[in-house]
Amino acid sequence: MADYPQSVADLGEGELLSRIFPRLGGPRMLLGPGDDAAVIGAPDGRSVLSIDTLVQDQDFRLQWPGGYRTTGYDVGWKCAAQNLSDINAMGAEATSLVVSLTLPAQTPVSWLEGLADGLSAALRALGAENCAVAGGDLGRGNQLVVTAAVTGDLQGRDPVRRSGAVPGDVLAVCGALGQAAAGLALLESSLPYADLDGWERSLTAAQSRPCPPLAAGPAAAAAGAHAMMDISDGLVRDAGRLAAASGVCLDLDSRILGIETAPLARAAAKLGVDPLHWVLGGGEDHGLLAAFAPGADLPRGFRRVGAVLDRAVHISGLPVTVDGQAPDAAGWDHFAG
Ligand SMILES: Nc1ncnc2c1ncn2[C@@H]1O[C@H](COP(=O)(O)OP(=O)(O)O)[C@@H](O)[C@H]1O
Ligand SMILES: Cc1ncc(C[n+]2csc(CCOP(=O)(O)OP(=O)(O)O)c2C)c(N)n1
Ligand SMILES: [Mg+2]
């Protein structure tokens with residue numbers, strides 16, 4: 001017996017697939033993995049469609065400076081979560097995922113099995129009970145790349161777009177703000193992972209295995225949300241996108257943002273940073289940002305974070321402000337850094 005872990009290059013494609021398929025369970029599809037393509041139902045007659053990619057050293061590190069090793073399970077979970085989140089943000093429910101894997105030859109087979117388990121576990125744990133992995137693609141490359149495309153069903157509702165916010169609306173968020181960014185900072189720091197306390201580890205888990213609030217998207221749509229998007233690149237950057245699409249300005253309330261920083265304060269102090277930067281600029285929590293009519297009952301999990309203002313009368317001229325002032329955060333951009 002070899003004393004090194006069996007790698008994907010030790011097995012053929014067919015054998016690798018036979019390791020993955022049994023781990024992909026989930027609800028029945030009209031035709032699941034194994035043929036040239038899958039067949040899924042489109043109950044509403046329309047399909048919502050999105051795609052997202054994770055790239056080694058851009059979106060995760062196999063080994064972080066503090067010693068944490070990213071598992072296949074983590075990457076499978078994160079892949080499912082970030083794709084399900086885009087469907088959630090339209091007010092829809094996910095119906096299928098297809099997953100394309102580019103694997104270096106030395107990738108352990110157990111890492112690949114973990115990835116399949118993480119995908120399935122995220123679908124179940126996040127509440128995407130009508131979504132299954134319908135198929136995918138497998139190939140060899142120099143770097144790990146995991147891409148998934150996802151379909152969703154609107155269940156008879158209109159999609160909630162980024163463009164529908166109107167002055168006077170209440171701006172609200174749902175889900176974690178800044179936790180995944182705090183986790184990223186902890187993972188990227190030289191603090192040994194083994195020395196992190198339970199809460200600090202759960203912040204790193206928010207980065208490795210984010211939990212988008214999946215029931216909240218359809219609930220917001222049913223409640224008549226005027227506009228919605230998921231927060232993947234940071235509150236301020238994504239709010240800027242919603243503001244631009246809707247032709248409005250968004251003003252965030254510093255008192256509420258202060259409350260959001262509370263769970264991050266201790267980790268921030270340890271790293272010598274301001275937790276407000278994580279709340280305003282941190283991506284990857286995949287919470288929701290939505291605009292509701294004034295007086296609307298906010299669906300469960302949503303909390304008011306600011307107001308939608310008329311661009312013509314907002315004197316700052318900025319698309320996104322905090323108490324009327326320029327915010328101190330940029331957010332994530334893959335190319336601008
Ligand atoms: N290569 C591409 N070709 C066409 N459309 C793209 C491409 N990359 C991104 N888009 C579209 O641009 C919009 C913004 O993309 P992105 O920032 O990745 O959105 P999200 O944060 O929702 O994943 C989406 O509607 C996406 O479909
Ligand atoms: C090694 C590493 N560096 C940096 C980050 C931070 N990061 C990577 S992508 C991203 C934003 C979200 O990713 P994106 O692909 O833009 O998601 P989308 O907006 O398409 O949903 C952030 C904050 C990370 N997760 N890992
Ligand atoms: Mg994207």
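Being a predicted model, the structure only gives us computed values, none of them experimental. Both counts, for ligands and for their atoms, begin at 1 and track the order of listing.
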Does this structure show an ion pair linking [X] with [Y], if we count only N-O contacts that are shorter than 4.0 Å?
| X | Y | value |
| --- | --- | --- |
| R124 | E129 | no |
| D233 | R241 | yes |
| R304 | D253 | yes |

**Fill in**
Looking at E284, M229, E188, the heavy atom closest to atom 25 (N) of ligand 2 belongs to E284
**Message:** Among residues at least two apart in sequence or on other chains, which ones pass salt bridge (charged side-chain N to carboxylate O under 4.0 Å, His left out) with D59?
**Reply:** none
**Item:** Region of H334 engaging ligand 1 - heavy atom pairs below 4.0 Å
**Value:** neither
**Prompt:** When you look for heavy atoms under 4.0 Å from ligand 1, do you find them on the side chain of D52, its backbone, both, or neither?
**Reply:** side chain
**Asked** For the residue pair A225 and V160, what are the closest heavy atoms and their distance?
**Response** O-CG1, 3.7 Å
**Request:** Not counting sequence neighbours, which residues clear side-chain hydrogen bond (donor to acceptor under 3.5 Å, both in side chains) with D230? List them please.
**Result:** S85, H286
Backbone or side-chain N or O of [X] under 3.5 Å from ligand 2 N or O:
| X | answer |
| --- | --- |
| Q58 | yes |
| H334 | yes |
| D233 | yes |

**Request:** Examine ligand 1 and decide if any of its atoms is less than 4.0 Å from a heavy atom belonging to H286.
**Result:** no
**Asked** Would you say ligand 1 has an N or O under 3.5 Å from any N or O of S232?
**Response** yes
**Complete:** One finds that the ligand 2 atoms under 4.0 Å from a non-hydrogen atom of Q207 are 25 (N)
